[in-house]
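Worksheet: one structure, shown below.
Given the structure is predicted, the values throughout are model-derived calculations rather than measurements.
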Amino acid sequence: MKLIDLTHIIDPAKAQRKFSVETIGAETVNPNVVRLQKQWYIMSEIQMVSHIGTHMEAPYHIFPEGQDLADIPVEALCGETLLLDFSDIQKKEEITKERVMEEAEKAGGIWKGDIVLCNLGYADRYGQEAYGESPYFSHEAICWLADQGIKMMGVDAGGVEIPQSEQHVNHKALFERNITLVENAANLDRLPKARFYVTAFPYPVRGVEAFPVRLVAFVEGDRE
């Protein structure tokens, strides 16, 4: 079994959204700290926006009564995964329902309960201005995917919305079916086959709509 990390590293010095780390001494929470030679025994105080790096968005992001991170059952955060390849589509072009259906058929079909990852070929542009030029999904394409019974969708882009639209219709189509969304996936081009196993576990925080995840694919084959 080979593990492929599909997660971007968060570098506080390069983060495009709020992510600050302050190193503090552990004595701030434990006044009885004893440091042995060559130890410093620190803690970190972090201030951040929840939508940063490779992160998962829950229905609570859009719906006040939707699932937050603590509501999502653990079974919904891992499972059989299908990779759909759209890396040949030009920048800012629409990914149509027909193209999604074609790629799903080529990959062997979507099963109910699948996780679906979509390779737009943009992971290597993460953090660059060109990252915002990725192809986008039509509303019909997202609705078709959601209607197949998937439980999670992931993309190597900053989102799945229609450009210049602030109505979040594609998020709505996913979240009203309790389908979580992972944005800013990495290394999807390293996946050697269409079907594999994926885990994506955010910390279950009550009342929070999104959080970074460690997205990992388990692929049959030799260890790296």
Side-chain angles (χ1 to χ4, degrees), residues 4 6-7 51 54-63 66-69 71-87 89 94-123 134-162 168-189 191 193-202 204 209-219:
I4 299 178
L6 309 178
T7 314
H51 297 246
T54 305
H55 65 275
M56 175 178 290
E57 298 179 359
Y60 189 58
H61 181 36
I62 297 293
F63 298 113
Q67 291 180 336
D68 63 17
L69 294 177
D71 291 326
I72 302 171
V74 71
E75 295 83 5
L77 302 173
C78 58
E80 289 286 334
T81 303
L82 193 71
L83 178 69
L84 305 183
D85 185 18
F86 305 107
S87 59
I89 296 181
E94 182 183 75
I95 301 173
T96 65
K97 171 185 171 182
E98 290 72 25
R99 176 60 190 273
V100 171
M101 294 173 66
E102 176 187 343
E103 289 303 320
E105 183 178 0
K106 284 180 7 184
I110 298 174
W111 305 343
K112 186 175 181 179
D114 267 350
I115 295 169
V116 170
L117 298 182
C118 298
N119 178 23
L120 308 186
Y122 268 69
S134 66
Y136 64 95
F137 292 87
S138 71
H139 183 56
E140 292 75 21
I142 293 291
C143 287
W144 183 84
L145 275 173
D147 286 341
Q148 305 314 298
I150 67 174
K151 62 184 179 183
M152 183 192 303
M153 180 180 181
V155 293
D156 58 343
V160 295
E161 285 303 333
I162 300 167
H168 301 101
V169 294
N170 287 348
H171 280 75
K172 178 178 180 294
L174 297 173
F175 294 157
E176 66 188 2
R177 297 167 175 84
N178 283 332
I179 300 168
T180 56
L181 175 64
V182 175
E183 296 179 345
N184 301 329
N187 298 322
L188 297 185
D189 58 345
L191 295 166
K193 56 190 296 185
R195 187 165 285 280
F196 41 89
Y197 194 91
V198 155
T199 60
F201 295 117
E209 83 302 331
F211 208 76
V213 295
R214 193 71 179 260
L215 185 67
V216 178
F218 296 73
V219 179

First locate atom [atom1] of [X], then atom [atom2] of [Y], and finally report the distance between them rounded to the nearest 0.5 Å.
X: M153; Y: E183; atom1: CE; atom2: CD; value: 10.0 Å
X: I142; Y: E161; atom1: CD1; atom2: CD; value: 8.0 Å
X: L191; Y: L117; atom1: CG; atom2: CG; value: 7.0 Å
X: E140; Y: L145; atom1: CD; atom2: CG; value: 12.0 Å
X: E80; Y: Y197; atom1: CD; atom2: OH; value: 8.0 Å
X: I179; Y: I150; atom1: CD1; atom2: CD1; value: 4.5 Å

Might you point out which heavy atoms bring [X] and [Y] nearest each other, and give the distance in Å?
X: D114; Y: G109; result: OD2-O, 4.3 Å
X: K151; Y: C78; result: NZ-O, 2.6 Å
X: A217; Y: L6; result: CB-CD1, 3.9 Å
X: D156; Y: A185; result: CB-O, 3.2 Å
X: A200; Y: M56; result: O-CE, 3.5 Å
X: A141; Y: V100; result: CB-CG2, 3.8 Å

Please test T199 against L77 for side chain to side chain contact (heavy atoms under 4.5 Å, CB included), starting from the C-alpha separation and ending with a verdict.
CA-CA 6 Å; T199 60; L77 302 173; over 6 Å; no

Is the closest side-chain heavy-atom distance between [X] and [Y] below 4.5 Å?
X: K97; Y: C143; answer: no
X: K172; Y: E176; answer: yes
X: R99; Y: E94; answer: no
X: Y136; Y: L120; answer: no
X: Y60; Y: L69; answer: no
X: H61; Y: H168; answer: no

ask   = Is the CZ atom of F86 crowded by more than 12 outside heavy atoms at less than 6.0 Å?
value =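 Above 12, so yes.
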
Q. Would V213 and T7 count as a side chain to side chain contact (heavy atoms under 4.5 Å, CB included) if you check the C-alpha gap in whole Å, the side-chain angles of each, and the deciding distance to 0.1 Å?
A. CA-CA 8 Å; V213 295; T7 314; 5.9 Å; no

Item to check | H55 vs F211, side chain to side chain contact (heavy atoms under 4.5 Å, CB included): CA-CA, chis, key distance, verdict | outcome: CA-CA 5 Å; H55 65 275; F211 208 76; over 6 Å; no

Inset, instruction - Look at the side chain of T180 and the backbone N and O of N178, then say whether any donor-acceptor pair between them is shorter than 3.5 Å. - result: no

Requested in this report: Could you check V155 against F137 for side chain to side chain contact (heavy atoms under 4.5 Å, CB included), going step by step and ending with a plain yes or no?
Outcome: CA-CA 11 Å; V155 293; F137 292 87; 3.9 Å; yes

